[in-house]
Amino acid sequence: MTIETNKIDSHEEFMRRFLECQRGLLRYVMCFVPNAHDARDIVQNTAVALWKKHDQYDAAEPFMPWACRFALNETRMFMRTDQRWKHFLDDETMNVLASRRRELANELDERRIHLRECVRKLPPHQRSIVDNYYFGDHSIEQLAESTQRSVQAIYKALQRIRSSLMQCVQRRQDAALGAER
Amino acid sequence: MNEDLQNLISRVCDHQATESELAQLAQRLRSDVSARDEYLRYVDLHAALCDEALPTFESDIVDYRTDPHRTDLHRGVLAQTGSHNHSETRAALGWIATAAAILIAVGFGFLALRRPAVEMPNRNSVTVAAVPAIATMLLSDDCRWQGGGFSEGQRLNPGRVGLDQGTAVLRFDGGAELVLVGPATIDLQTSTSVLVHLGDVVVRATDGAEGFVVLTPTSEVIDLGTEFAVKVRRSGATEVHVMDGEVSYRGINAAQELTEILHAGQGVMIDPQGRPTAVPMNSPRFQDFVNRVNPGSRADLLIAYEGFNYSPGVLPLTESTVGKGWAGPWRKRSDQERTIPSTDDSPDDLEIVHGQMNVTWPVPGGRLGMLKLPGDNVYYVRPLKRTIDLDHDGVTFFCLMVRETQRRMDSDQPKERLRLTFRSSRDYRTQAISFGHGPGYRPTVQTGDGVAHTSPILLPAEQTTLWIGKIVSRKQGEDEIYFRVYGESDVLDYAEPATWHVVTRGVNLDAHLDLVLLSSVGKTARLIDELRIGPTWRSVAPILESKE
């Protein structure tokens with residue numbers, strides 16, 4: 001009996017591998033299409049594409065890089081057909097970004113850990129916006145209505161919050177590096 | 001940090017950038033190395049925040065049959081026999097979508113095992129139960145349990161289950177289903193294995209549940225895609241009978257290479273010394289046991305019921321007093337209860353109509369009174385007599401019949417939303433569990449202060465759907481919430497399904513939910529009926545009454 005040891009022996013095994021990396025895939029896609037809604041669509045398309053080709057996957061290889069190749073391809077296809085994104089990044093820039101992102105992978109992992117603490121330290125009014133916008137299902141318009149502010153004011157507030165989080169993450173990362181030294 | 005660049009990236013992230021701004025950013029990313037780094041850091045931060053909101057939970061059909069704990073031994077057996085576990089019942093036309101859906105859904109179990117990239121603090125605190133549940137009690141008939149009892153729908157942790165009399169059906173999270181006939185004593189070991197000390201069990205382990213292991217004092221029996229019975233006597237002697245498919249078995253102390261295969265129609269008795277002897281196959285099938293129990297509706301257990309059983313016409317809210325288990329009539333939200341939107345223009349009357357739903361399930365009077373919600377933003381609250389206590393171990397099911405009158409296609413994300421939310425009058429805003437759909441017409445469970453768990457599958461359009469939800473509350477450890485939407489052609493079984501459209505992870509609530517909120521947002525009218533809340537699947541699911 002021949003046992004193909006380098007093939008995934010069941011769709012469930014394949015699913016498990018995909019699901020282990022799906023959040024990473026979303027973040028990967030968002031570095032080319034930084035809008036969550038569009039990126040989720042691309043990840044969905046990637047899931048289907050991966051499933052169609054799962055018999056070509058060599059189980060001896062890491063799954064994430066293989067999946068990222070599909071995700072990049074799906075992102076390109078999406079960007080070619082989407083009116084908004086089609087003029088954003090050319091192939092060369094996407095390749096450069098993908099390559100640089102691989103180099104920054106460890107740093108980005110650390111930054112996400114710092115981000116947890118930084119979100120916790122946000123002032124209540126900023127925290128409320130983050131909760132509702134990112135973790136809730138609320139649109140900018142709903143946030144504007146509920147807080148009696150203009151839509152533009154909410155956009156500005158989000159911008160300030162992310163800027164503040166970037167600074168906080170950077171400070172913590174610098175401090176951590178300093179501590180290591 | 002470059003403030004202008006960050007502002008530009010921020011506008012792109014929020015879908016606010018103009019074409020010219022997109023081009024400007026693209027140009028900088030092409031030519032400026034430091035801009036690329038800053039862009040990647042900024043976008044990764046934004047993505048990590050988004051990532052927390054949905055993708056982990058962007059599940060759909062969670063298939064219990066996938067088991068992260070399956071051992072290499074079992075995999076090895078499957079590989080050697082060439083067994084594969086693709087579901088043969090999957091509709092061919094929908095296979096890609098289903099597979100993708102399952103792909104994304106099944107991840108819960110696995111994602112829960114790994115450290116999240118960012119553990120967001122303000123969500124319901126994530127508590128991983130020290131001992132995770134591995135099985136569900138599906139059916140309990142005339143059971144007298146040793147020690148504490150088990151109720152239908154209850155999640156079961158690893159450990160001893162003793163049954164003095166009666167018949168019970170369990171489903172392991174690995175997919176295998178087991179009939180237990182008292183008197184019997186078993187140890188639930190993992191989601192794919194059980195140790196039978198005494199008594200009769202019948203195992204049905206197919207369609208992905210292959211590899212289920214039954215250990216006895218004298219033997220190890222491994223399912224290879226089949227249905228089989230194991231009978232263990234007080235002496236430890238074990239009989240194995242295969243009704244369908246095949247199993248492998250060996251003496252508990254025998255070497256691996258002494259494993260034997262038993263085929264359908266065969267039986268074997270393994271004595272206390274581990275010596276096998278062929279015996280005639282002699283066991284009822286799994287379904288025979290279920291048929292003997294004859295499980296029917298248990299509507300008598302309902303905690304609350306609203307069938308809108310009124311004459312057609314306009315019904316003032318104050319007169320909406322019919323039903324069971326309610327502490328008052330329907331009402332509009334109070335000032336303190338209004339969140340988004342802060343105003344409430346819900347009508348002061350309910351519109352009751354008859355015969356406007358196609359009811360394909362056995363619902364007594366299902367085509368009679370029903371609530372028609374207008375195409376507008378409508379919010380109605382009704383208080384429950386008995387609270388759903390999330391700080392206690394318990395199980396609560398609900399069902400709701402919904403008719404969507406029109407599926408809007410004028411936008412990718414039309415602002416159409418329908419939710420049934422359980423809230424707490426003490427902590428109205430943050431302690432809640434909401435079932436429904438949002439703008440994408442996808443089943444969603446929302447918990448606490450707005451964490452969404454959304455399925456990527458689309459709800460059936462413009463037909464009557466049956467929503468069924470299950471809340472497993474725990475005094476200690478994670479609560480589990482399940483949600484599934486049935487279309488008109490879907491048939492309900494005697495017990496809860498093995499697959500749900502949404503299964504939550506990381507939820508830990510402790511509220512006493514005593515309010516039901518119906519919220520309908522958008523431009524299309526909806527019909528609502530048969531809101532049932534009860535402790536078991538059979539108490540709320542519209543299945544036939546017992547045949548006897």
Side-chain angles (χ1 to χ4, degrees), chain A residues 1 3 9-12 15-16 18-20 22-23 26-27 30-31 34-36 39-40 43-44 47-48 51-52 87-90 93 96-97 100-101 104 108-109 111-113 115-116 119-120 127 130-132 134-138 140 142 145-146 155 158-159 162-163 165-167 169-170, chain B residues 1 6-7 10 12-16 19 22-23 26 29-30 36 40-56 58 66 68 79-80 84-86 96 99-100 102-104 106-107 110-111 117-123 208 339-342 438 446 449-452 456:
Chain A
M1 182 183 297
I3 301 172
D9 61 358
S10 75
H11 69 286
E12 287 164 2
M15 290 172 197
R16 181 164 55 143
F18 173 80
L19 290 157
E20 280 173 347
Q22 67 159 332
R23 299 172 72 178
L26 182 86
R27 293 195 299 273
M30 283 186 75
C31 86
N35 176 267
R40 284 185 193 116
V43 173
Q44 295 282 333
V48 176
W51 175 249
K52 285 180 183 171
H87 301 301
F88 181 41
L89 300 176
D90 54 36
T93 310
V96 171
L97 282 173
R100 181 58 180 155
R101 192 176 184 279
L104 292 176
L108 294 177
D109 284 346
R111 291 175 70 90
R112 283 182 223 117
I113 293 168
L115 176 62
R116 173 183 55 190
V119 170
R120 183 176 287 155
R127 179 70 174 277
V130 168
D131 286 349
N132 285 305
Y134 281 108
F135 310 149
D137 191 20
H138 299 154
I140 297 279
Q142 285 176 317
E145 185 183 347
S146 65
Y155 278 122
L158 274 169
Q159 195 171 308
R162 285 191 292 252
S163 174
L165 289 172
M166 284 284 283
Q167 288 174 33
V169 166
Q170 191 62 50
Chain B
M1 293 190 192
Q6 280 198 8
N7 291 347
S10 177
V12 173
C13 289
D14 291 332
H15 242 313
Q16 286 292 292
E19 276 190 26
L22 277 167
L29 295 177
R30 266 193 297 273
R36 280 201 287 272
L40 287 169
R41 291 181 184 118
Y42 191 100
V43 167
D44 195 74
L45 179 145
H46 170 60
L49 292 167
C50 294
D51 172 34
E52 280 303 300
L54 282 174
T56 307
E58 189 109 8
T66 304
Q80 286 166 27
H84 290 274
N85 41 24
H86 297 273
I96 291 176
I102 290 176
L103 276 174
I104 294 163
V106 181
F110 303 104
L111 288 167
V118 180
E119 293 165 13
M120 286 304 155
N122 192 34
R123 305 180 44 200
T339 50
I340 299 172
S342 54
Q446 199 160 309
D449 49 2
V451 181

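Values below: all heavy atoms of this structure, side chains included; hydrogens, waters and symmetry mates excluded. Every chain is numbered from 1 and lettered A, B, ... according to where its sequence line falls, protein lines coming before strand lines.
Nearest heavy atoms, B:Leu40 versus A:Leu108: O-CD2, 4.2 Å. The two residues A:Leu115 and B:Ala48 come nearest to each other via the heavy atoms CD2-CB, 3.8 Å. When every heavy atom of B:Cys50 is checked against every heavy atom of A:Met30, the shortest pair comes out as SG-CE, 3.9 Å. Taking both residues in full, the closest heavy atoms of B:Arg30 and A:Phe88 are given as NH1-O, 4.5 Å, listed atom of the first, atom of the second, then distance.
Residues B:Asp14 and A:Arg162 meet the side-chain proximity criterion, which asks for heavy atoms closer than 4.5 Å. For the pair B:Leu45 and A:Met166, the minimum side-chain heavy-atom distance is below 4.5 Å.
For A:Arg100, the salt bridge (charged side-chain N to carboxylate O under 4.0 Å, His left out) partners are A:Glu103, B:Asp37, not counting sequence neighbours. Every side-chain hydrogen bond (donor to acceptor under 3.5 Å, both in side chains) that B:Gln16 has, sequence neighbours left out, goes to A:Tyr155.
Note on B:Asp44 versus A:Arg111: no salt bridge recorded, every NZ/NE/NH1/NH2 to OD/OE distance being 4.0 Å or above.
For the pair B:His15 (side chain) and A:Asn35 (backbone), a donor-acceptor distance under 3.5 Å is absent.
Rounding to the nearest 0.5 Å places CD of B:Gln6 at 8.5 Å from CD of A:Gln159.
If you measure heavy-atom distances from A:Leu104 to chain B, the contacts under 4.5 Å come from the side chain alone.
Interface check for chain B: of the options A:Leu158, A:Ile140, A:Thr93, A:Val96, the most heavy-atom pairs under 4.5 Å are formed by A:Thr93.
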